[in-house]
Amino acid sequence: MLGDPGMSRRSADVVVVGGGIVGAACAYECAAGGLSVMVIEESVVGGGATAAGMGHIVVMDDSEAQFQLTSLSEKMWNERVGAMPAGVEHLPCGTLWVAADEEEMAEVRRKQAFYEARGVPVEVLDRRQLEEAEPHLRKDMAGGLLVPGDSVVYPPVAVSWMLRECGATVVSGLGVITLRDGGVTLSDGEVIQAGVVVNAAGAKAVRLTPGIPVAPRKGHLVITDRYPGFVRHQLIELGYLKSAHSSSGDSVAFNAQPRKTGQVLIGSSRQYGVEHSGVDRPILSRMLRRAAEYMPEITGLTAIRTWTGFRAATPDKLPLIGPVPGTQREWLATGHEGLGITTSLGTGRLLADQILKRTPPIPVEPYLPGRCMHE
Amino acid sequence: MNRRVTVIVDGRPLQVDVGTTVAAALWNAGVTAFRHSVTGEERAPLCGMGICFECRVTIDGVEHCRSCQTLCADGMQVKTS
Amino acid sequence: MRRWDVVVVGAGPAGIAAACGAAESGARVLVLDDNPAAGGQIWRNDAAQPWLERFAESGAELRTGCVATDTLPEARSYVLATGARELFVPFPGWTLPGAFGLGGMQALVKSGLEVAGKRVVVAGSGPLLLAVASLLRKRGAAVAAVVEQAGRTAMAEFGVRLLMEPEKLGQGAGLMMSLWGVPFYTGSWVESAMGRGRVERVRMRCGGRVVEQDCDAVAVGYGLLPNTELAALLGCHLAEGTVVVDEWQETSVDGVYAAGEVTGIGGVEKSLVEGEIAGLAAAGLQGQAQRLFAKRAKTHSFADGLARAFAPRAELRKLAQTDTLVCRCEDVTRGALEGMKSWREAKLQTRCGMGPCQGRVCGGATRFLFGWGADSMRPPVFPVKVESLIETRQS
C-alpha cells in the first residue's frame, strides 16, 4: 500500500489527522485490523471538542441511522469500558429525558415506543416518580423517560488509553498544513506518506478538506465543585429536541450531568457562526438561567470552571464516515456534532471495515460523505 | 477585653474573639480535620488567604466555604466534613 | 451615567495606594477585595497602619468578601492590585494538618490563630521568613528553627544591597534581634514532615546534615507568585508570570492598570509607589504620577536583588517523591505527573489543577518542578456561585 520504499520518509498505512476521540477510535480499529497507524495532533490528544463535551454515552432516536450508529457505539463502549483505566470515570447513570408539561409527555410516549420497538429498555416516570428520582428538579414537572443503559465518561483518558493500547505512532504538537490523497505535510515541513489519510479534525476538518458540509457549532459548559447526589442521572429537557434541531440561531437547553467525582456538569448552548472561543457571557447567562428554571437550587452551587468547544455539525445531523468523493485515499471521519463521544467507537468500526473491505455491522450508506458531496 | 461571639462547630458551642476567622477558631479548638480530601486524607488550612481551598467547611448550610476568608459571627453553624 | 471613575481590585498596599491616589483627587473610586477586611496579607488586622487610616479618609468605597470576576462594575479605568500567593514546593508530609504556608501561617495568626507555647519550624525562603518568625515569637510561640534555603553567599550579597538602603537594613536587623537565640540555618530546607494525623516532627537538611526537630507546626513558603488570573482573563499581556505594564502602570489593555506584586514580586514599598502611580494615572493625573518615577525605580532594583538572592534551588525539585501529592484538590501524585509533557496534558489526563483552587497551588508547583507553562484563562477567575454567573454585570 505504501509509496516509494527508497525514501526515508515516515509513512503509515493509515494517517489519522486529529487526536480527538474520533481519531483515536479510528486508529484503534484500524490497528486492530492489522494496519500501521500514525495519529497527528496539532495540540494535545483529547484536548479539543473531546475534552470540551459532556462525555455522554447515549442512544438517540432522531433518525433510524442515528439510532443505529449510537446503539452500535453504546454497545462497543459497554464492552470496552471495563478495560479502560479508572480515570475514564465511567458512570452508568442513565439518561432521564425531562418532560415539563403534558405536550412533552406525549414526546415521552413517542420515544418510549421508538426505543421499545428496537429493544432498548426504557421506563416512563410520572410526576411523583420523577420527583423521587431527581429531588432537586422543580416539583411541577410532568414526568420523564428514563433510559437506564446510557452512561457518562471522561473522554480524554479514553483517548490516551486507545492510542496507547493500539500502538499507534502519535505525533503531537504539530499541525497538518496540507492533506492530499495519500499523504500529509506537517507544519515543520515533513511529508508523511499514507495508504489512507483520515481527516478526523472535528470542526477544523473543513480547513484541510475544503467543501465538506461541516460547520462549527459553539457550546458552553459549566462545572461545579463536588455535590454528590445533587444530580443522579444525565438530565435533558425534552425542549432540547426543539433547540437542537433548529439549524440556525443561538439556543440553550437544560442539561445537567452527575460526574463520578460528585461534580455537576451544566449545559448546554448552541451557536452558529461564532469563531471566537472565549466564553460568551450573555449565552452563558441564558444557559444557566434555563438550568435554574428546571433546578432552582443549582444557582447555589459553586461553579469552578466554564469553557467552550466547537461541535462539527452537518446539515442532516449525521457524521461523514468514508472516502471523499473523487478520491481513493482521502477519507473523512468528522461531523459528529454533539454525539461524538458516543459515536466515536462506531465510527472507528465503520471506517476500518470500509478500508479493510469487511462487512460492517450496520449499513454505512447513511454516513458516506458522498450523500451530500459530489466530485 | 475583646468582645466574644459564639459559633457552633459540629454541634459544639465555641466562644471566640470578634475578628477571628472560622479557620483560626477551628484550629484553636483542636480541629485538625477541616475536611477530607478526595482520597480520604484529613486536611487543614494551608495558605490562609483564600487561595488553596483546603480549609473548606460547611457554614450555615452552605458547603465548600473557605473558613479562612470567613469571620466568626454569633450563632454561626460550622460543620467539618 | 457610570457610577465609578476607577475600580480597584485588591485592597492590599498597592490597591490602597491606588485608591488613595485616585480618590484624593476627587475621582469616584470603588475597591473590591475577597478578604474580610482591607489591608491585604501584610496589613491584615493592622488597624494602626497609617495607610489604612488614610484610605478610610480618602472617600473610596470598599467592598470586602467580594470575589472579583471579569464582569467588573463599569468604570473609566481599572487598577488590578491582585497581589501574590505563595510558591508551594511539595514535600512529603506537606498535606498533613499543621503544615502551613509561610504567608499562610502569618495570615492565620493575624486572623486569630493561637500559637502561644507551640513549637513552630519556619522554613522556605526570603524576607518573609524572619517577619513570620518574629510575629510567631511575639505571639508566644517557641520558634524551633528558621530554615532558609538560600545560601549564605546569596544572602550576604543581598545584605550588601541592603546597606545601600539603611531603612530596610534597620528593619532586618530589628527582626534578627527579635529572634535572638533561635537556630537560623541557611542553605537548608525542610525535607519532610511527619506525624499521626498532624505534624509532630520535621526532617531538615541543614548544610549536608539531616536534623530532626519535634514541633507542633511547620510553616513553609518559597517566595511569592503574582496573581495574574484576572489580568489574563481581561486580555492583559503577561510575560514570565507577571503583568506587563508601561511607565504609567497601564497594561496592554487600554484603561486597565496594574500595580504591586502582580507586576513583579518586590515587597510593600514597590507596591505602594506603583499603586500610587497607577491610581493617579488612572484618574488622569499623569503629572503627579511622574514625580514618583524615581522612587519606583529604587524599589525595582531592590526587587531584582530579592529575586536573585532567594531564587529556589534545584535540590527542592527532588523533595517530592513518587507518592507525594502535588495537586491537593484532586490528590494527584508526582508519579502520576511524570511523563506528562505539559500542564494542559496533565490537566486532561490526571485531573491535576482541575479542583476548586483552579491550579493556584499545583500550577506554581508544577511550573517549578517541570517547567510547565500556564493554560489559557476562563471565567470564573475564582470559584463563584452559579447565580453570580447569571448576572451579567455588577454595579
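Labels below follow one simple rule: chain letters A, B, ... track the order of the sequence lines, proteins then strands, and each chain is numbered from 1.
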Q) Side chain, backbone, both or neither: which part of A:R286 has a heavy atom under 4.5 Å from chain C? A) neither
Q: Specify which of C:V381, C:V386, C:T350, C:L233 makes the most heavy-atom pairs with chain A at under 4.5 Å.
A: C:V386
Q.
Just verifying a value: how many Å separate A:C26 SG and A:I21 CD1, rounded to the nearest 0.5 Å?
A. 10.5 Å
Q) By a 4.5 Å heavy-atom criterion (distance strictly below it), what part of A:T261 contacts chain C: side chain, backbone, both, or neither? A) side chain
**Q.** Lys NZ or Arg CZ of A:R80 over A:W161 ring: under 6.0 Å, within 45°
**A.** no
Q: Let me know if C:Q358 has heavy atoms under 4.5 Å from chain A in its side chain, its backbone, both or neither.
A: side chain
Q. Contact part of A:E297 toward chain C, heavy-atom cut-off under 4.5 Å: side chain, backbone, both or neither?
A. neither
Q) Highest number of heavy-atom pairs under 4.5 Å with chain A: which of C:R344, C:E345, C:M354, C:K347? A) C:M354
Q | Which atoms of A:T308 approach chain C - backbone, side chain, both or neither, heavy atom under 4.5 Å | A | both
Q. Distance from A:H336 atom NE2 to A:T343 atom OG1, nearest 0.5 Å?
A. 4.5 Å
Q: Please state whether the side chain, the backbone, both or neither of A:I266 comes within less than 4.5 Å of a heavy atom of chain C.
A: side chain
(Q) Between C:E74 and C:R3, does any side-chain N to carboxylate O distance fall below 4.0 Å? (A) no
Q. Is a side-chain donor-acceptor pair under 3.5 Å present for A:T306 with A:H220?
A. no
Q. What residue in C:P356, C:G355, C:P379 has the most heavy-atom pairs under 4.5 Å with chain A?
A. C:P379
**Q.** Cation-pi check, A:R217 onto A:F310 ring (under 6.0 Å, within 45° of axis)
**A.** no
